[in-house]
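Presented below is the structure to which this report refers.
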Amino acid sequence: MPPSPVLGPVGERVPDVERIAVLRANALGDFIFILPALEALRAAYPAAELVLLGAPWHATLWRDRPGPVDRVLVVPPAPGIREPAPGEEPAAMADFLAAARTERFDLALQVHGGGANSNPVVAGLGARVTAGLRAADAPPLDRWLRYVYYQHEVIRALEVVALVGAPATTITPALAVTDADRAEAGRVLGAPARPRVALHPGATDNRRRWPPDRFGAVARALAGDGYEVLVTGTPAEQETVDAVVAASGVPVSPQVGTLSLGGLAACYQGCALVISNDTGPLHLAAAVGAATVGVYWVGNLINGATPLRGRHRPIASWTTHCPVCGVDCTPGIYPHRPGDGECPHRDSFVADVPVIEVVEAARELLAVRPAGR
């Protein structure tokens, strides 16, 4: 295989490709990570239709949005594939695959995970060539790459598309913001009286959540520096946002469920800085060009933090033992090392990150001067 100018070896390009399916039906940050891989596919197969097998929210986000995806085909909820959306009617995977086979995909790629559940779905599409990731418990595809847990997600996906002759063109995820996105953000937020910063204190896994009082202290510091502070969250994160607002002790603007995903992208693009836990909105902010400060558990930093420092400051917690029971939580990845493996607790693994580190990183990126100076 010839070497890629950016990343490792590149497999043979598949001839006469008219339609490509890519399975990535999980969360927002997961999707942001594969954008460079989609760009590589677009560059390698410019005449092919690129179809994302995703969730309903992917279809909504990609409606009338420029970028590498031509169409979204919503894959049904299934174990290891995706959870059902609220109010979504159940659908049989067998029926979905039967209909998908009529699309006559030439290539089908799995960048969804280890492949135990997702490789059978990709194989069931009936494509001429399949490629993707394979963990020890997963069936093979025509071309596959061993799934190893600790690898940056962007590079992981780029290595998969390289298997079908699509070398990397960038390692930086980028998502276009539309005029409709900006109009929505303008209607909801109004014109800024001062430069804005946004805090996002939620995360689906509580172990990745920096405590709300710490976010409140950051809000207080940056408001004191003269910034308008937004606190964003989903409806499920209302309680967390309320706790940040209460802890800040200064006027801030909570934005819970007020913006669509496109509107949130425009909101972040218009901010001088976004500060967040390691969660989808942090990666969305980076993809639309915002400067970011991210609070990461060290293992997640390896897999998800950008290696770029021009406008990003990931801050790591080095906690590896459960703060409740003291169990060493690394042997699940490294079973030959001493320790106790997984534990049932979900307390924060990033609470040891001090406020001053986040404030200093924020001020460095903002080159902030106190209000009135």
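Below, all heavy atoms of this structure are taken into account, side chains as well, without hydrogens, waters or symmetry copies.
Within a 6.0 Å sphere centred on CD of Glu239, heavy atoms belonging to other residues, nucleotides or ligands number 12 at most. Heavy atoms from other residues, nucleotides or ligands lying under 6.0 Å from CD of Gln238 number more than 12. Remark: Glu18 CD is loosely packed, at most 12 non-hydrogen atoms of other residues, nucleotides or ligands lying under 6.0 Å away.
Within the structure, salt bridge (charged side-chain N to carboxylate O under 4.0 Å, His left out) contacts touching residues 40-64 (residues at least two apart or in different chains) are Arg19-Glu49, Arg42-Asp70, Glu49-Arg71. The list of salt bridge (charged side-chain N to carboxylate O under 4.0 Å, His left out) pairs with a residue in residues 295-322, not counting sequence neighbours, reads Arg313-Glu364. Within the structure, salt bridge (charged side-chain N to carboxylate O under 4.0 Å, His left out) pairs that include any residue of residues 104-133 comprise Asp106-Arg128 (at least two apart or interchain). Contacts classified as salt bridge (charged side-chain N to carboxylate O under 4.0 Å, His left out) and involving residues 253-273 (residues at least two apart or in different chains) are not found.
A donor-acceptor pair shorter than 3.5 Å can be found between the side chains of Thr330 and Asp328. Using a 3.5 Å distance cut-off with no hydrogens or angles, the side chains of Thr240 and Glu237 do not pair a donor with an acceptor.
Ring pair Phe31/Trp62: centre-to-centre distance below 6.0 Å.
In this structure the side chain of Pro36 reaches within 4.5 angstrom of the side chain of Pro173, judged on heavy atoms. Contact of the Arg214 side chain with the Ser348 side chain is not registered, since no non-hydrogen atoms from C-beta on lie closer than 4.5 Å. Within the 4.5 Å cutoff, no side-chain heavy atoms of Thr320 are placed close to those of Cys329. Two residues are said to be in side-chain contact when any heavy atoms from C-beta on lie closer than 4.5 Å; Val197 and Val274 fail this criterion.
Taking OH of Tyr227 as the reference point, atom CZ of Arg363 lies at 10.0 Å (rounded to 0.5 Å). In this structure, CG on Leu109 lies 8.0 Å from CG on Leu163, to the nearest 0.5 angstrom. In this structure, the separation between SG on Cys322 and CZ on Phe349 is 5.0 Å, given to the nearest 0.5 Å. Note that NE2 of His58 and CG of Leu261 are 9.5 Å apart. Values are rounded to the nearest 0.5 Å.
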* To do: Go through the steps to decide whether Val75 and Met93 satisfy the test side chain to side chain contact (heavy atoms under 4.5 Å, CB included), and finish with yes or no.
  => CA-CA 8 Å; Val75 65; Met93 183 62 73; 3.8 Å; yes
* For salt bridge (Lys or Arg N to Asp or Glu O under 4.0 Å), just list the numbers for Arg156 and Glu153, CA-CA rounded to whole Å, side-chain angles, deciding distance to a tenth of an Å, and then say yes or no. => CA-CA 5 Å; Arg156 192 196 308 279; Glu153 295 289 344; 3.3 Å; yes
* Quick one: do Glu184 and Ser260 satisfy side chain to side chain donor-acceptor pair (under 3.5 Å)? Show the steps, please. => CA-CA 8 Å; Glu184 178 192 346; Ser260 70; 2.6 Å; yes
* Kindly determine whether Leu230 and Leu199 satisfy side chain to side chain contact (heavy atoms under 4.5 Å, CB included), including the steps that lead there. => CA-CA 6 Å; Leu230 312 178; Leu199 312 183; over 6 Å; no
* To do: Apply the test side chain to side chain contact (heavy atoms under 4.5 Å, CB included) to residues Leu282 and Asn277: give CA-CA distance (whole Å), side-chain angles for both, the deciding distance (0.1 Å), then the verdict.
  => CA-CA 7 Å; Leu282 175 66; Asn277 297 316; over 6 Å; no
* Audit row: Leu28, Leu284, side chain to side chain contact (heavy atoms under 4.5 Å, CB included) steps and yes/no -> CA-CA 8 Å; Leu28 173 61; Leu284 175 67; 4.2 Å; yes
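The cluster map of Ile, Leu, Val, Met, Phe, Trp and Tyr, joined by side-chain heavy atoms under 4.5 Å apart, puts Ile32 and Leu264 in the same cluster. Under the 4.5 Å side-chain heavy-atom criterion for ILVMFWY residues, no single connected hydrophobic cluster contains both Val148 and Val111. The hydrophobic cluster containing Leu175 also contains Leu259, counting ILVMFWY residues as joined when their side-chain heavy atoms lie under 4.5 angstrom apart, directly or transitively. Under the 4.5 Å side-chain contact rule for hydrophobic residues, Phe105 and Val17 do not share a cluster. Hydrophobic clustering keeps Val324 apart from Trp297 (ILVMFWY residues linked when any side-chain heavy atoms are closer than 4.5 Å, directly or through intermediates).
Look at Glu228 and Arg196 and you find a salt bridge, because one of the NZ, NE, NH1 or NH2 atoms lies within 4.0 Å of a carboxylate O, short of that distance. Ion pairing between Arg146 and Glu159 fails under the 4.0 Å rule for side-chain N and carboxylate O.
Leu53 pairs in a side-chain contact (heavy atoms from CB on, under 4.5 Å) with only one of the listed residues (Leu125, Val122, Val72, Ile81), which is Leu125.
Residues satisfying the side chain to side chain contact (heavy atoms under 4.5 Å, CB included) criterion with Pro254, sequence neighbours excluded, are Val241, Val245. Legend: residues meeting side chain to side chain contact (heavy atoms under 4.5 Å, CB included) with Asp179, ordered by chain and number and at least two apart, are Arg182. Residues passing the side chain to side chain contact (heavy atoms under 4.5 Å, CB included) test with Asn26, sequence neighbours excluded: Arg24, Asp30, His112. Tyr268 meets the ring pair (Phe, Tyr, Trp, His ring centres under 6.0 Å) test with no other residue; sequence neighbours excluded. Residues passing the ring pair (Phe, Tyr, Trp, His ring centres under 6.0 Å) test with Trp144: none are found, sequence neighbours excluded. In this structure Asp205 satisfies the salt bridge (Lys or Arg N to Asp or Glu O under 4.0 Å) test together with Arg207, sequence neighbours excluded. Applying the salt bridge (Lys or Arg N to Asp or Glu O under 4.0 Å) criterion to Arg143, with sequence neighbours excluded, gives no partner residue.
For the pair Ser248 (side chain) and Val250 (backbone), a donor-acceptor distance under 3.5 Å is present. At least one donor-acceptor pair closer than 3.5 Å links the side chain of His152 to the backbone N or O of Ala305. Side-chain N or O atoms of Asp225 include none that pairs as donor or acceptor with a backbone N or O of Leu222 at under 3.5 Å. Side chain of Trp210 to backbone of Val295: no donor-acceptor contact under 3.5 angstrom is found. Of the possible polar contacts, one joining the Arg101 side chain to the Gly124 backbone as a donor-acceptor pair under 3.5 Å is found. Side chain of Ser317 to backbone of Thr319: a donor-acceptor contact under 3.5 angstrom is found. Checking side-chain atoms of Arg65 against main-chain N and O of Ala176 turns up a donor-acceptor pair under 3.5 Å. Side-chain atoms of Asn119 come within 3.5 Å of backbone N or O of Pro139 as a donor-acceptor pair. A donor-acceptor distance shorter than 3.5 angstrom exists from the side chain of Gln110 to the backbone of Gly113, with no hydrogens or angles considered. Using modelled atom types, one side-chain atom of Thr130 and one backbone atom of Asp142 make a donor-acceptor pair closer than 3.5 Å.
Between His283 and Tyr296, the ring planes are tilted. Angles from 30° to 60° get that label.
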Tabulate below the donor-acceptor pairs under 3.5 Å that side-chain atoms of residues 285-293 make, not counting sequence neighbours, or state none.
{"from": "Thr292", "atom 1": "OG1", "to": "His312", "atom 2": "ND1", "distance (Å)": "2.7"}

